[in-house]
There are 2 protein chains.
Amino acid sequence: MSELLSPTYTRADEAFDCLQTAIVKGELAPGEKIGELELCSRFDLTRGPLREALGRLESRGLLVRRPHAGVKVVSVSASELMELYRIREVMEGLAARQAAERMTDQEIADLQATLDTHERMIDEAQGQAYYQAEGDYDFHHRIATGSRNTKLAQMLLGDLYYMVRMYRYRLSTSTGRPQRALGEHRRIVEAIAQRDGELAEFLMKRHINAARQNIEKKIQEGDISI
Amino acid sequence: MSELLSPTYTRADEAFDCLQTAIVKGELAPGEKIGELELCSRFDLTRGPLREALGRLESRGLLVRRPHAGVKVVSVSASELMELYRIREVMEGLAARQAAERMTDQEIADLQATLDTHERMIDEAQGQAYYQAEGDYDFHHRIATGSRNTKLAQMLLGDLYYMVRMYRYRLSTSTGRPQRALGEHRRIVEAIAQRDGELAEFLMKRHINAARQNIEKKIQEGDISI
DNA sequence: AGCGGTCATATTGTCAACAATATTGGCTAA
DNA sequence: TTAGCCAATATTGTTGACAATATGACCGCT
């Protein structure tokens, strides 16, 4: 995963990546109590690097540790998931505004090309929730990076997205409104291309708010459970 | 520090708290390259727990590690500090809005009493930048907690505030506008007391924006340097 | 029979020795 | 004289063993 970024890749990094993807993909179920030695044998690691990775993951809120009592994957309630979307709303709104001010023309062109790819993906693989979710993630990822706000991108990419993706995998459902979401994405990119930060922020906030309400409705209807 | 929260306090927790406060207080200067054994002797720790703490701190962005090349305290440029304030603006705006919706009457009363204390502090200890900064921190801390948004509070209290406080210590200067800030605090609490979330959000955003501009001006005037 | 306490066990926290790697200084050659 | 390379060194990464503690079962008491 990150072995491309850092020339030397330590076991602790390896442990961190393995555990993070395992948690996100739901291979380690939320609330599941899990022993260190079990994790070691499972991922072929030794306890030292593993514990370092556990510390990082705890600090990021993906799991909780109780001294001498083991570690368990964090389980987030429905209401807490909704709170995550409230945070995303304001933070990604800011990201969109700053992206409109700072992205290069090339980056914007790439972003538009990305949306074309997403459109084909939706047409071809109709209902393939997984790929839709990945496309959505790609879009938001690019805007976070494009904000040129290091800490903002770090918080979005390093904290929030992992928790949100964790629930995407668990629910194995995308927003369920792919073409509508794509349209919203297009309008956001349009605002960015016109360097209209204020509009980009407004549209992004509305986009995420709509996604939140969509999930909230599904939960209330009992379509999905957490 | 956290030994009150968790009944069992491990060496790793101790290491984490020690290092964090040392970084925040500037005892470990930004950019300073620092060896593990030196840290061990300095805080009377062994390398195991220390490394676990280093992993956590790296994950929170307070220091950076390069494999086999050591660890150094993160150094934030002036522009990055300004970016932090942009993030605070939107996140604390959200916190204020949710606090207005969710704080108990008791908490609001306590918050108002806190402001009275701050007022006395400003009168008595005129120009005592340190205590003013602590009062300011207390105010924002209570609102973050009052939002009842676990992740939001975690991100504010566990990430952003430490970085901001780090620069407060380094610059050893509060905003330099204590009574004006206090007035803004009062108006925010007023909005919260009236359960006007929208207004609370607006006022909080303006409050932080003003603080940012204030620092920006000082930097441009050369009053303070980073 | 239900509850509380105690003890064995398994798991986590901690430590110190070993291996691997980046840095730094000196040396050689152009 | 300077640039580049090489080796010695010190520092970090890793490992396995040891110590401390929470869990859970068993037994005695009420």
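Here the structure is a predicted model, which is why all the values come from computation and not from measurement.
Contact check on A/E36 versus A/R51 returns a salt bridge, with a Lys/Arg side-chain nitrogen under 4.0 Å from an Asp/Glu carboxylate oxygen. Ionic pairing of A/R212 and A/E92 is not present here: no N-O contact between side-chain nitrogen and carboxylate oxygen is shorter than 4.0 angstrom. A salt bridge between A/D105 and A/R195 is present, with a side-chain N of the basic residue lying under 4.0 Å from a carboxylate O of the acidic one. A salt bridge does not link B/D159 to A/R60: none of the charged side-chain nitrogens sits closer than 4.0 Å to a carboxylate oxygen. By the 4.0 Å N-to-carboxylate-O rule, B/E101 lies too far from A/R86 to be salt-bridged with it.
A 6.0 Å sphere centred on CZ of A/R42 holds more than 12 heavy atoms belonging to other residues, nucleotides or ligands.
In this structure, A/E14 atom CD and C/dA20 atom P are separated by 16 Å, rounded to whole Å. Between A/L50 atom CG and D/dG13 atom C1' there is a gap of 15 Å when expressed in whole angstrom units.
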- List the steps, then state whether side chain to side chain donor-acceptor pair (under 3.5 Å) holds for A/D136 with A/H185. CA-CA 9 Å; A/D136 186 63; A/H185 286 182; 3.1 Å; yes
- Would you sort out whether B/N209 and B/Y85 count as a side-chain contact (heavy atoms from CB on, under 4.5 Å), showing the intermediate values? CA-CA 7 Å; B/N209 196 39; B/Y85 271 82; over 6 Å; no
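Screening A/R148, A/Q98, A/K151 for a side chain to side chain donor-acceptor pair (under 3.5 Å) with B/E83, the sole residue that qualifies is A/Q98.
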- In the 5'-to-3' direction, what one-character label does each nucleotide of nucleotides 11-18 of chain C receive under the scheme B = base within less than 4.0 Å of a protein heavy atom, S = sugar-phosphate only, - = no such atom? SBBBS-B-
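Judged by distance alone, with hydrogens and angles left aside, the side-chain atoms of A/S59 form no donor-acceptor pair with the main-chain N or O of A/G55 at under 3.5 Å.
For the helix from C/dA1-D/dT30 to C/dA30-D/dT1, the rotation axes defined at the first and last 5 base pairs enclose an angle of 20°, given to the nearest 10°.
Remark: nothing in residues 54-63 of chain B comes within less than 4.0 Å of DNA chain C through any heavy atom.
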